[in-house]
Amino acid sequence: MGHGGDVIAELTTDHREVDDLFERFERAAPGGAERKRLVDMLTIELVQHSVAEEQHLYPAVREHLEEGDALADKEIADHGRVEQLLKDLEGRAADDRDFDRLVVKLKTEVTAHVKDEETNLFVRLREGCHPFVLESLGEKVRNAKKTAPTRPHPSSPSTPPINKLLAPGLGLVDRARDYVTGRGQ
């Protein structure tokens with residue numbers, strides 16, 4: 001899918017890509033290598049998306065929206081649950097007895113988070129932020145995803161400024177590991 005536009009268009013495109021990966025997972029044979037490959041792809045997409053949101057979207061939510069702190073804190077808590085599930089899946093083979101159960105939990109968490117963002121947070125952002133701010137955030141999010149980690153790091157900080165300092169280094173290490181192992185290709 002094409003990326004671009006303001007932050008809402010960018011993140012909504014990411015959401016549809018994740019939906020597609022979950023659908024492909026459900027069509028793949030249980031216990032097969034394709035399911036593991038799709039979970040790796042989901043992990044990469046979800047981690048990069050979350051890191052970019054935590055670096056740029058949620059600070060803007062805090063700044064521009066009434067009750068922004070509570071909204072951002074809720075979204076970050078959602079990310080924490082998703083990231084822990086991704087970490088739990090990371091070392092499991094597709095034929096592990098808990099693999100499919102964890103993916104179902106992951107899909108439930110992600111679906112609820114996406115629905116909340118698209119029906120609540122994005123609507124409030126559209127109403128509360130100037131289009132220029134939304135366009136600028138879209139560009140920042142796209143750039144952040146380029147250097148973001150590709151693996152879950154649930155114990156790493158999720159708020160600026162520390163997350164903005166650590167994420168590129170973690171991303172570099174993750175990409176090197178991915179290259180060596182062929183993960184995500």
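All of these numbers come straight from a predicted model, not from anything done at the bench.
Formation of a donor-acceptor pair under 3.5 Å by the Lys140 side chain with backbone atoms of Gln55 is not found in this model.
With sequence neighbours excluded, the residues that form a salt bridge (Lys or Arg N to Asp or Glu O under 4.0 Å) with Glu118 are Arg16. For the salt bridge (Lys or Arg N to Asp or Glu O under 4.0 Å) test, residues two or more places apart in sequence or in another chain that qualify with Arg35 are Asp100. Partners of His56 under the ring-ring contact (aromatic ring centres under 6.0 Å, His included) rule, at least two apart in sequence or in another chain, do not exist in this structure.
Closest approach of Ala72 and Val61 over heavy atoms only: N-CG1, 4.2 Å. The minimum heavy-atom distance linking Arg124 with Glu66 is given by the pair NH2-O, 2.7 Å. Of all heavy-atom pairs between Leu57 and Leu121, the closest is CD2-CD2, 4.2 Å.
We find that Asp178 and Arg175 are not joined by a salt bridge, their nearest charged nitrogen and carboxylate oxygen being 4.0 Å or further apart. With salt bridges taken as basic N to acidic carboxylate O contacts below 4.0 Å, one links Lys145 and Asp14.
Applying the side-chain hydrogen bond (donor to acceptor under 3.5 Å, both in side chains) test to residues at least two apart or on different chains, the pairs with a partner in residues 76-88 are Glu53-His79, Glu54-His79, Tyr58-His79, Lys74-Asp78, Asp78-Arg81, Asp78-His113, His79-His113, Arg81-Glu109, Gln84-Asp88, Lys87-Glu90. Applying the ring pair (Phe, Tyr, Trp, His ring centres under 6.0 Å) test to every pair with at least one member in residues 134-185, sequence neighbours left out, gives no pairs at all. For residues 125-138, the pairs satisfying side-chain hydrogen bond (donor to acceptor under 3.5 Å, both in side chains) are Asp6-Arg126, with sequence neighbours left out.
Glu17 and His49 share no side-chain donor-acceptor pair at under 3.5 Å.
You'll find the side chain of Thr13 stays beyond 4.5 Å of the side chain of Glu10, heavy atoms only. In this structure, Val51 and Asn163 have side chains that are not in contact, with every pair of non-hydrogen atoms separated by 4.5 Å or more.
By the rule that hydrophobic residues join a cluster once side-chain heavy atoms approach within less than 4.5 Å of another member, Val114 and Leu137 end up as members of separate clusters.
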